[in-house]
Structure formats: structure tokens, C-alpha cells
Participant: 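Encoded as C-alpha cells, here's the structure I'll be asking about.
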Amino acid sequence: MSLDFSTSLAGRRFPNPIFTASGCAGSGKELSQFFDLTDLGAIVTKSIMIKPRSGRATPRMAETPSGMLNSIGLQGPGIDLFLENDIPWLRDQGARIIVSIAGETVEDYAVLARKLRHVSGISALEVNISCPNVENRGQVFACDPATAADAISTVRRNIGGELPIIAKLSPDVTDIVSIATSVVSAGADGLALINTLLGMVIDTSSMRPKLSQKTGGLSGPAIRPVAVRAIYQVHAALPKVPILGMGGVACGRDALELVLAGASAVSVGTATFGDPTASIRVKNELEVLCEQRGFNSFSDLVGYAHRAEDANEHE
Amino acid sequence: MSLDFSTSLAGRRFPNPIFTASGCAGSGKELSQFFDLTDLGAIVTKSIMIKPRSGRATPRMAETPSGMLNSIGLQGPGIDLFLENDIPWLRDQGARIIVSIAGETVEDYAVLARKLRHVSGISALEVNISCPNVENRGQVFACDPATAADAISTVRRNIGGELPIIAKLSPDVTDIVSIATSVVSAGADGLALINTLLGMVIDTSSMRPKLSQKTGGLSGPAIRPVAVRAIYQVHAALPKVPILGMGGVACGRDALELVLAGASAVSVGTATFGDPTASIRVKNELEVLCEQRGFNSFSDLVGYAHRAEDANEHE
Amino acid sequence: MAREGWAMINPKAEQITSEILSNKKVGSYNHMVFAVTDLAAHARPGNFVAIAVGGPASSMVLRRAFAIYRSSIRADGQGLLELVVAASGAGSTWLTSQKVGDTVDLIAPLGTSFGIPTEPVRSLLIGGGYGSAPLFALAETLKARGCRVDMVLGASTAAKIYAPLEGKRSVSSLTITTDDGSAGVQGRVSDVIPRIIKDNDVEIIYSCGPMAMLEAITKIADSFDVLHQCSVEESMACGIGVCMTCVLPVLQDDGTIRMTRTCIDGPVMDGSKVTWTTSREIPEGVWGK
Amino acid sequence: MAREGWAMINPKAEQITSEILSNKKVGSYNHMVFAVTDLAAHARPGNFVAIAVGGPASSMVLRRAFAIYRSSIRADGQGLLELVVAASGAGSTWLTSQKVGDTVDLIAPLGTSFGIPTEPVRSLLIGGGYGSAPLFALAETLKARGCRVDMVLGASTAAKIYAPLEGKRSVSSLTITTDDGSAGVQGRVSDVIPRIIKDNDVEIIYSCGPMAMLEAITKIADSFDVLHQCSVEESMACGIGVCMTCVLPVLQDDGTIRMTRTCIDGPVMDGSKVTWTTSREIPEGVWGK
Ligand SMILES: Cc1cc2nc3c(=O)[nH]c(=O)nc-3n(C[C@H](O)[C@H](O)[C@H](O)COP(=O)(O)OP(=O)(O)OC[C@H]3O[C@@H](n4cnc5c(N)ncnc54)[C@H](O)[C@@H]3O)c2cc1C
Ligand SMILES: Cc1cc2nc3c(=O)[nH]c(=O)nc-3n(C[C@H](O)[C@H](O)[C@H](O)COP(=O)(O)OP(=O)(O)OC[C@H]3O[C@@H](n4cnc5c(N)ncnc54)[C@H](O)[C@@H]3O)c2cc1C
Ligand SMILES: Cc1cc2nc3c(=O)[nH]c(=O)nc-3n(C[C@H](O)[C@H](O)[C@H](O)COP(=O)(O)O)c2cc1C
Ligand SMILES: Cc1cc2nc3c(=O)[nH]c(=O)nc-3n(C[C@H](O)[C@H](O)[C@H](O)COP(=O)(O)O)c2cc1C
Ligand code: FES
Ligand code: FES
């Protein structure tokens, strides 16, 4: 029997579990040069804000051992131009679309949700709450259960009952399970784990922080053990909440690791910078690995590492 | 003029700023096969507990991209045998000794401090508070400002006024500055930053967590950007509190990065596993880098990356 | 934005495993030849390649960009790409230490190329350090179009001037400057350019080199009201337009200044449209600031 | 603990840059020869080497341990170490793909060695897969001491039996077992050992191979009351005794069972003193549990 490689996330079905990661696939156009976007489970768009954003000054990146720092600062055209240009184009390609939104205030999230409410052709919203909350001394929404829940419940109220909400959490917290629990109570249908870790590189020639904004987000294989841990912990605590996993996935083995920890789908981010077709390769390799392990359905592998030590092994 | 490579940490002077990292240098004997222990600024001993500890079952480690996970579980002989065997031996070598202690209850820290109070030949105590607090649902001491302060003030009270206390913090917190501030108020003379990050690896063959205890501590170059960020943040907030930096240092450049961020001394951990003489190499390389930059005194480099953007450059 | 349709983003780019056919030290640089497909036929002067570095277990997750020095199809049909690589950090040091017969993962051709005038014009090509690399192929193309080509190459010291004999064939004059005077005129390229522009009545400048040099050339070009196409060099994480790390503030056709990706809307850009800035801040007036 | 003074911890170990002199595929393995200093003279059967893998920009931070197959000093004084390497994961695959003339960073000799009886005894050497590697040099040593040496090698399939002709010189009998029957007896080493022990009146068993095999052999050895020295294989982060990752529960002279480092108090250990456990828990009775 052949493998059913489709997955379900927050009530939606996707033909396969490999997605792009927000901010790591441009508008989709750039990658469509290298492969057909419909070959992926979904395209997750770069987090969009209400207004056009220049992002931060350069240098915006620094390579680190098995990873990189970025401080793009959410450069983008703003929601109106995004809905005018990017979404129709992706829809024309036949790609499944997950729109990522980001705000600086709770009201921002409300506005964005209302703008997206009646847009057709979107499979889900990914709500990036790893942004500084300008109303709360710049503290990141995702760093506090209450402000995280605030942002999510606001989206829930404004988006209506249709579109699934995936809350994207930051790993830079003392207790990620409490944040996860809080946003799920606030109406999140799924969780995206993990966003980047806060890091810094100092240029030992100039003897100053390398990035113009000093700190940046650490991504890539270096952080994979943190992603696996976060996904495992959250899946153990909230086994029914679907997880979109990400963090350092560069091959099928890596994706499988996140799936076994509890991810129902996996986004490929930084790996795409080193290899434009990384996501397609990850997808193909993961499919083979699932088959080799004798599973008929991808969904049986989700969270499989949680089974009891003495559980009967899968035949 | 030649470089003054000595450093001062929590009121004690060390001939150079490169130390071993707790848990990464055995008892010292094993490394003394490869170099003279007095060539390092200090030897930081493996965290010792009150009683003998078997540590955790194997597998205790997993390699990760540019890093590794460990879950040794503080295997050790207990404080009495440690004081009987390890300390006299290190003292005989002429090594400068920083003793790391770890407890499961606040009272453990009190007992350990009292046992160490009158031991001669110790330069400082490193208090590892990244341990589960059995009296508080296993929550790690270092993850909460109050429990972290509890452990430190207990050590302070029991150690007397003589021996400097360096509190070793975990990076797995939402706000490391608040923890740092709290332990300094509680009597810490210095801070050790950072302990390992909580991570997990899943074996994709057995489809279970690779480590017997599932999670482990992530160390090595992969985490260096997190260490630099933590040191930079804490030094910015508490510029007068000396920092013993660590996390992914494998060469002189890496050590310099931590120093520029604010570390007065740097411990070399995981790198020693890949290269027994790593700490000596780091020391020699760092010395050259300091000289090349025209500094007369190592201490002028500590926190140098914090100077104002328009500050006059060092001549 | 200048770029309109998605079909225009690197339409000829291919990702291939490429064998190193030659690797020779020339002054401070390594001249390296790579076996490629007939993508070589599509590479234009100014395009770059992106190479994965460090081997299968590499800790370096990002590609390195290199300007194409020459691209050609050998008589036997084998496509060739030639690069000039300075061993500076870990990635380029790894690349230059690869041996003939070793293979690398390479994507090319990427980015914009130098605009070639349809009429014969008097051109000045200016390169700093390995920035001379893309200029020789450009010189050939311009020469073939009947253009006059003068060239200025500058570097800190003689060993960092890359100017092989065969490369200089198409050049009417070559002026060299070095900071230490070890070759040519002591000084910077900007010291000698104004006179060359005047003497030869230069109509267009092409440049490639460090950002500070490009900025200085832009000022001179603007003061003489001469066109200036420069190949910029910003840190690039992806090289294919998906990461937004490589941006510069560039004046758009709609009058806005936008943070523009130098990997797909560059590396060749109109110098006068770039807001050159040394401060680590977004300049005033940039769209979305 | 068996080991008393610090001076006894790997007293002859050296860290060197070592050139690969030969690298040949033999069945499933690579037989590799490394140029070393006269540390080769200090290596004893059972010792291992620790090699850094992945090159200068490696993402692999830990060394890999390999049992020494042979160590010798060539006529011209050149020290040689020979290893048998199975390309399994990223590190060993990197190592086996290095070419003759490439260099690696290597530390040797490390760990304990097989104890050699002072009197001639009847010995049985048992290897699983590449676990045969250290047994041939041991066989030579035993033979030179007048011991009878029988050998059993087992693996899943014929290609995984490493038993070169020159290695077998010192062996009185060689029995091979494979799971799939592609060579020798179909089955496991434990199926054939009891008969060999009885037939040859074996006094001491030396073994090297997977942990499950060593455990099975320990049971048999104990049942026949035969000495059993085994070379264990636990994941090692450092190989020099500083990390505590490589431990096994081992009975000490003072009667306690302690989590003992297999890199410095092993890899060769007394099989009957090891608490073999497949559960991922510390067994009851271990000191400090
Ligand atoms: C469009 C373009 C064309 C280039 N052409 C050439 C060329 O023809 N010959 C050549 O030798 N080099 C060229 N470079 C620079 C080259 O891509 C490498 O960045 C440089 O070799 C240093 O890399 P490294 O790995 O040795 O240094 P590392 O310090 O290891 O690099 C770390 C990171 O910083 C980036 N970085 C470091 N230095 C530079 C730099 N000067 N410019 C941009 N990014 C940098 C690297 O790309 C990498 O991501 C070009 C760069 C760009 C963007
Ligand atoms: C004392 C000793 C002697 C050994 N002798 C040999 C030998 O003669 N020939 C040979 O081919 N191999 C030998 N090994 C195994 C070898 O050290 C490597 O672990 C193995 O080659 C797999 O490494 P990798 O990098 O390919 O796999 P990876 O999966 O990349 O390894 C990841 C990590 O897990 C560890 N690991 C993986 N497999 C094993 C294993 N089977 N045993 C211990 N650790 C493992 C690695 O050391 C590494 O730290 C020996 C190991 C030990 C401890
Ligand atoms: C250059 C870059 C830009 C990113 N932009 C966003 C973003 O806009 N929104 C978001 O939620 N995450 C963003 N991320 C985080 C990724 O989506 C992902 O969560 C993270 O990088 C970990 O995955 P990876 O290791 O596969 O890259 C960005 C990451 C990178 C490297
Ligand atoms: C095997 C291992 C054991 C460790 N044991 C201890 C310990 O006993 N006490 C402690 O405070 N830190 C311990 N650490 C943490 C290190 O001291 C250090 O903080 C951390 O590894 C980061 O530094 P590195 O990247 O240089 O290893 C241990 C780390 C490793 C890898
Ligand atoms: S380098 Fe990624 S967008 Fe230009
Ligand atoms: S491998 Fe580190 S103590 Fe044995």
C-alpha cells in the first residue's frame, strides 16, 4: 500500500506536510524559478504589517556556526499592496497559501484580520506574535501569556469563524507550554513552533555588534534541538493541537525529527538560502523515510516519539 | 609596551582570562596530561552536590549541528570525597580553583557553602542554579528571579564574607536581565553566562528521543550568538558586575567576541572535547588578538562593543 | 519597482554540481575555472554565481557570491565559468583550497548585468581589488560594439591588482593606483578618474569594488553628469531574492526610495539612484521608514 | 577505581596532524593507514584513536573513536597506525572519503588495552563487524607469548566480516558466522562459542563488537567460568575522560558499582564486572543512584 502523504492542520488538508517558512520564500515568485510552488504543501508568506515597512538598516545578517542571524525588520509593502499583488499571483499559481501577519499593537492585529477576513484562496493565517509590542515597553507579544492571548483573541474575533489561526511562538521564554496553552484558550487552532532565538554577533574587527540593530534572530540547523524540544514539550501538553514545526530543517531526516516530536507539518526556512530547492528535497526525502519505516499514513508518524517506552512498535 | 593579560573577577586576580568550563574538564587530572593547568586563568570544577551521584543513564549525549546535547545529570563523588581528593590535588598543581556547586533544595546550597567556607586555596565559588528545584515542582532555580535569589542569598549567608560568589545563569528564560539583577541583589559578586540551552534530539531510527532522559543541554558554537546576546544585555544593564562568559568558544576570535560583549573572563567547555588543548589555544590566540588591536591592558577590551557609535576609537 | 514580471527573476539560473578544472594563485587571488552546462552561454558581464562552501558537513549554511570573470563555451562544447577569488574568511579560504577535480554546488548566472549601449560610446571601467573581475568581459563586449574602453584599477597594494594580460586586450588605456605605491600611481582610483573623464570625454562609467569606492565614483560621475553603472557588494544570505538581507536604498521609477534587493535588482545598479550611506540607519525619506 | 594516579591517564597520548598514506575499500569497510610519530610504538591492542572529522569548517564538533587495527614502525622509522572504518554516519563517511595525502587531526593511543597473560593460555577472540579490528594485533601478541588463539567473527553479512589474510596468520582456527548465511555458519557468534570453548578448553575470551554481543558473550563466559575481556563501545564525546558521557555501570574493587568512563577505564573492561543493561535507566544498586 502506498503512503498517504497528506496532512491536516487546523482543520485544513494539505497534499503534503512541507511548507515554506515565513520570511524565507520571498513572495513565492523568486522560488517559482526553481520549482513549481504547488509541489509544496503550502506557501507561508512573509509576515505582513498594515503599512509599508522599510525594515532595518544593513548589515541585516551574520552567518553563525550552522546558522545565521537576521534582522530584516519585517520589510514589506503593507497589507493593501500585498493583497493587490502577491495573493492574486500565488492564487493564480494554484499554491496553497498561509498568510503570516504581524503587528505592533493589538489593534494592528485586528485591522489585519479584518482585511483578510473575506479574501479567498487562503488556507490559514499564521499570526507572528514575536514582535515588539509598542504599547508595552517593546516587550514581545509572544513572551507573556496574557499579551500573546490578547493578540490571538483579537485576531479570532476579527477574522470570523472560517479561517484557521496558527499562532507562531517565540522560543525565548521560560515556559513555552504556558504560552501555548494561553493562545490556544484564546482561540488559536494551531501553533507554529519555533520562531528565531534572539542572538548577537560582534564583529571582532570593528569591535561592535555586526548587525545595525545589534541583536537578530538565530535560525538554521544550530537551533534544531531547541525546536525539537519545544515541539515535544508542547505536543506532550496539548496533544490535540496541531503544530506547524520549523527550526533548522535542512533534509528529510530533520523534518522527520520534528514530525516525530509532534509536528503535523514542517516549514523549511534558512535551508532555502543555501539551496533554493531545499524544501522540495526535504519533501521527497521525508516521503521516502516515511515509506521505509512502513507507515501507510503520514499522520501516524506525528508525535510518534511520545509513545510509551514499552509500547508495541509499529509493524 | 606589552599587554597586561591579567583579569580581575569578583575581586580576585587571575593571570589570564581563559578558564575551563564546569563539567568540561573532568577533575583536572585528565587534561594535565596535555598541558600545565597553571597556564590557564583558573580551573572551574564540575558542579558538585552533597552526596555521590550516579548521574543519568546513557545515552547521555548526542551530537548536533555545531554543538552537542548532554544529560550527564551531575555525576560526581559528592562534596566530601571531592574535598578530600580533587581539591588537594588541584592545589598541589598550583592551579587557581573555582569550585562549582549545585543543589536540589535551597538547604543543599547552604550545606555546600558551609562545607566550603574554610577550605583554603579556592579563588571563588560558581553557583550552578540551572538545576531542578525539587521543592518547587522541579522548576529550575535560575528560571525565576525569586528562587534564583533564594539560592544565592543562602550561599552568601553561609559562605561568609570572604569567598566571591559567581552565579551561573540559564539562558532559557524570558528576561535574563531580571534574573541577573535579582541574584546580584541577593549577594552575587559576579555572573557566569551562559549555561546550556534545553534541547532534544530524536533518533529517527528508533523514533524515540536519543537521550535516556529525553532532553539535554545544548552547548558548543551553535549557541555562541545566544551567549553573546545574553552577556551584552546583562553587561549593558549591570556594567559593574563582572561576567565569566561561556558558550561556544572554540578559538581566540570567539573569546574576544564574548569579551567585547562584556565578559571579564571566558570559560572554554565543549571545544575541549574536540581538542584537549583548546583552552590553551584560545588563550594564546586571544592574547595575540588583543595585542594586534593595540590594547595595553586586557581589561580595556571588556565590554568595548558597548561604546557609543561615535566614540573615539581606541588608538 | 524596475522589475515587473516574476518571469524576469533570474530566468536562466541553474543549480549544478560543477567540477573545478583549474585553480591558480595570481597575486593575492585565485583564478579558478569551473565546468558548467551551457548556462555559460547565458552569463552576461556583471552576473554572479553563488557557491555552497565547506563541503558536506559544513557549518557554513550560506552560499558565497562571486562575480563572473569570464564565461565561455569551449570548442568541445564544455561550458566554462572563471572566477577571481580572494581568500579572506572561512568560506573563500575553503573554496580556494579545493583541488582540481573537486566539485562544488553552484548556481549561475544570477543578478543583473551591465547595460550595454547600443551605440559606440566612450567608456571608463573602474575596479577595486577583485572588483576588476567582471570588467574584462565587459571591456570585450564594449570593444566589440565599437566603444572606447579606458580602465582604472586600484588596490591597497600591487598583489591585489588583478589584471591578466589576456584580459587587457580590449582596453585602450589602463591606469593602476595603489595605496602604498607598489604599482602604478600612489593613491586612490578617485584621484585619477576626473582627469581621465576629461581627457577622454567619457560618456559612461562602469565600476565594481568596495562600497566606499562606488560612492566616491558616484560623486565624481554625478559632477561630470556621466552615466554610472556600478556593481555593488552587500552581504547576501540567499542570492536569489528570498531573504531581504542584501538591500540598499535605491530610487525607483515611481519616485520613491526603497530598500531594494541587490541580488536580483543588482548587483549592477545605476550609481546615481543609490542613496549611499555609511551610517547604520535607514536614510530619511525611504519608503516605509 | 582501578586507575589510581593521574599519571596513569593516557600517559603516552599525543595529538598530531597525521597524513593518510592509504585508503582502500575492503568489503563494507575502509582499511586506512595513517602516518604518525613513534607513538605507534606505544599503542597496545585494544587502544583507540580519536579523529577530528569534517575539515576546518566542520559542523561536527566531536571526535570519532576508532580501534587501532595495527600499529607499527616502518623500516625508515615512520610510525604507522591502521584502522578499519565503516562509513555509517556523517563523520565516518567524511573520513572514508578523504584521499591519500590528506591530513587529519588525531589523538592516540587512548584508553585501556587487552590484558596479556604472562603464561601461555588457550584464548578465544570474538569480533562482531569491525570489532575484529583490534583482535588481529592481539592475536599476534598472544601467539608470540605461546598462546593458542582461536577466533570467531560474526556479522550480518559476508561483506561485513573483516578478516584479511595477513591478519589471520596467528590464528589456529577461524570460525565465521553471518546472520544471512552468506559466509560461514548461519547464525550468531553466540551460537558457536560454547562448542569452541569446550573443544579447545578456552581459558580466556577477548571480544570486541556491539554491546548486545558483548553481553551475550559475558553470559556464556560466566557460565563456563572463563575470563572475559571485552572492548565496549559507548558514545564518546571527548575520549579523554573529561565529559562523562561514555559511562557504564561497572563493579569496582571496593564492591561498589559505579558509572565508569569507558574511554579511560575502558574500552577494554572485564566483562563480568559490567552491569549490562538495555533499559535506559541506571540499574539498581549503582553508587549515587
Ligand atoms: C555580488 C557579489 C560579488 C562578489 N564577487 C566576488 C569576487 O569576484 N571575488 C571575491 O573574492 N569575492 C567576491 N565577493 C565576496 C564573497 O562573496 C565573499 O563574501 C567573500 O569571499 C568573503 O567570504 P568568506 O566566506 O571568506 O568570509 P566570511 O567572513 O566567512 O563570511 C561570512 C559571511 O559574510 C559575508 N561576507 C563577508 N565578506 C563579504 C564581502 N566582502 N562582501 C559581501 N559579503 C561578505 C559572506 O558572504 C558570508 O555570508 C562578492 C560578493 C558579492 C555580494
Ligand atoms: C572505543 C570505540 C572504538 C570504535 N572503533 C571503531 C572502528 O574500529 N571502526 C569503526 O568503523 N567505528 C568504530 N567506532 C565507532 C565510531 O567511533 C563512530 O562512532 C562511528 O563511525 C559512527 O560515527 P559517524 O560520525 O559516522 O556517525 P554519526 O551518526 O554522525 O555520529 C554521531 C555521534 O554519535 C556517535 N556514534 C554513532 N555511532 C556510534 C557507535 N556505533 N558507537 C559509538 N558512538 C557512535 C558518534 O561518535 C558521534 O559522536 C568505535 C567507537 C568507539 C567508542
Ligand atoms: C531572513 C529571515 C526572515 C524571517 N522572517 C520572518 C517573518 O517575517 N515572520 C516570521 O514569522 N518568521 C520569520 N522568520 C523566521 C522563520 O520563519 C523560522 O521560524 C525560523 O527561521 C526557523 O526556521 P529555519 O531554521 O528553518 O529558518 C524569518 C527567518 C529568517 C532567517
Ligand atoms: C558534558 C557537559 C557537562 C557540563 N556540566 C556542567 C556542570 O556540571 N555544571 C555547570 O554549571 N555547567 C555544566 N556544563 C555547562 C558548561 O559549563 C557551559 O556552561 C556550557 O557548555 C556552554 O559552554 P560551551 O559551549 O563552551 O560548552 C556542562 C556542559 C557539558 C557539555
Ligand atoms: S541575498 Fe537574499 S534577497 Fe538578496
Ligand atoms: S568520552 Fe568523555 S569521559 Fe569518556
Side-chain angles (χ1 to χ4, degrees), chain A residues 62 64-69 139-140 143-144 170-175 179 197-209 214-216 218 220-233 248 250 252-254 256-261 289 293 301 304-307 309 313-314, chain B residues 62 64-69 139-140 143-144 170-175 179 197-209 214-216 218 220-233 248 250 252-254 256-261 289 293 301 304-307 309 313-314:
Chain A
T64 68
S66 296
M68 67 174 284
L69 288 186
Q139 217 220 8
V140 171
C143 282
D144 178 72
S170 161
D172 288 325
V173 295
T174 308
D175 180 7
I179 311 277
L197 276 73
L198 196 65
M200 181 188 273
V201 165
I202 291 173
D203 180 329
T204 52
S205 300
S206 70
M207 298 191 275
R208 295 191 187 280
K214 297 181 180 174
T215 59
L218 182 63
I223 69 167
R224 198 170 62 238
V226 176
V228 173
R229 184 264 299 170
I231 293 166
Y232 191 95
Q233 285 180 329
R253 193 217 76 90
D254 303 342
L256 178 58
E257 203 184 348
L258 271 59
V259 169
L260 293 168
L289 290 173
R293 280 156 185 71
L301 277 153
Y304 192 66
H306 291 260
R307 69 197 187 282
E309 279 286 340
E313 300 299 310
H314 181 89
Chain B
T64 69
S66 296
M68 66 174 283
L69 288 186
Q139 216 221 10
V140 172
C143 283
D144 178 73
S170 162
D172 288 325
V173 295
T174 309
D175 180 7
I179 311 278
L197 276 73
L198 196 65
M200 181 188 273
V201 166
I202 292 174
D203 181 328
T204 51
S205 299
S206 70
M207 298 192 276
R208 295 190 186 279
K214 297 181 180 173
T215 60
L218 181 63
I223 70 167
R224 199 170 61 238
V226 176
V228 173
R229 184 265 298 170
I231 293 167
Y232 191 95
Q233 285 180 328
R253 193 218 76 89
D254 303 343
L256 179 57
E257 203 184 348
L258 271 60
V259 169
L260 294 168
L289 291 173
R293 279 155 185 72
L301 277 153
Y304 192 65
H306 290 260
R307 69 198 188 281
E309 280 286 340
E313 299 299 310
H314 181 90

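Here is how names work: the chains are called A, B, and so on, in the same order as the sequence lines, proteins then strands, and each is numbered from 1.
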Participant: Under a 4.5 Å heavy-atom cut-off, does chain A meet the side chain of B/L198, its backbone, both or neither?
Facilitator: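 It is both, since atoms from each part get that close.
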
Participant: May I ask you to name which of B/S66, B/S205, B/A62 has the most heavy-atom pairs under 4.5 Å with chain A?
Facilitator: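 Maximum pair count with chain A is reached by B/S66.
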
Participant: Between B/R307 and A/M207, which heavy-atom pair has the shortest distance, and what is it?
Facilitator: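 B/R307 and A/M207 have their closest heavy atoms at NH1-O, 2.8 Å.
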
Participant: If we define contacts as heavy-atom pairs under 4.5 Å, which of A/A222, A/G248, A/A230, A/P225 has the most with chain B?
Facilitator: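 Ranked by heavy-atom pairs under 4.5 Å with chain B, first place is A/P225.
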
Participant: So, taking the atom named CZ in A/R229 and the one named CG in B/L69, what distance separates them when rounded to the nearest 0.5 Å?
Facilitator: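 A/R229 atom CZ to B/L69 atom CG measures 10.5 Å (nearest 0.5 Å).
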
Participant: So for A/T204, is it side chain, backbone, both, or neither that comes closer than 4.5 Å to the heavy atoms of chain B?
Facilitator: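 Backbone plus side chain of A/T204, per the 4.5 Å heavy-atom cut-off to chain B.
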
Participant: If you count heavy-atom pairs within less than 4.5 Å of chain B, which of A/C143, A/A250, A/A227, A/P65 leads?
Facilitator: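 So the answer, after comparing A/C143, A/A250, A/A227, A/P65, is A/P65.
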
Participant: Can you sort out the partners of B/R224 under salt bridge (charged side-chain N to carboxylate O under 4.0 Å, His left out), two or more places apart, ordered by chain and number?
Facilitator: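 Listed in chain order: B/D254, B/E257.
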
Participant: Grab the two heavy atoms, one from B/I202 and one from A/R253, that are nearest each other, plus how far apart they are.
Facilitator: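 Minimum heavy-atom contact is O-NH1, 3.7 Å.
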
Participant: Which atoms of B/L260 are under 4.5 Å from chain A, going by heavy atoms: the side chain, the backbone, both sets, or neither?
Facilitator: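 Contact with chain A is through both the backbone and side chain of B/L260.
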
Participant: Using non-hydrogen atoms only, which part of A/I231 is less than 4.5 Å away from chain B: side chain, backbone, both, or neither?
Facilitator: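 Neither part.
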
Participant: If you measure from CG on B/L256 to CG on A/D203, what distance do you get to the nearest 0.5 Å?
Facilitator: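 CG of A/D203 is found 10.0 Å from CG of B/L256.
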
Participant: Under a 4.5 Å cut-off applied to non-hydrogen side-chain atoms, are A/Q233 and B/M200 in contact?
Facilitator: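 They are not in side-chain contact.
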
Participant: Grab the two heavy atoms, one from B/T174 and one from A/V173, that are nearest each other, plus how far apart they are.
Facilitator: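 Closest heavy-atom pair between B/T174 and A/V173: OG1-CA, 3.3 Å.
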
Participant: Counting heavy-atom pairs closer than 4.5 Å to chain B, which one of A/P209, A/G67, A/S170 comes out on top?
Facilitator: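 The residue among A/P209, A/G67, A/S170 with the greatest pair count is A/P209.
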
Participant: Given a strict heavy-atom distance threshold of 4.5 Å, which part of A/L218 is in contact with chain B: side chain, backbone, both, or neither?
Facilitator: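 Only the side chain of A/L218 comes within 4.5 Å of chain B.
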
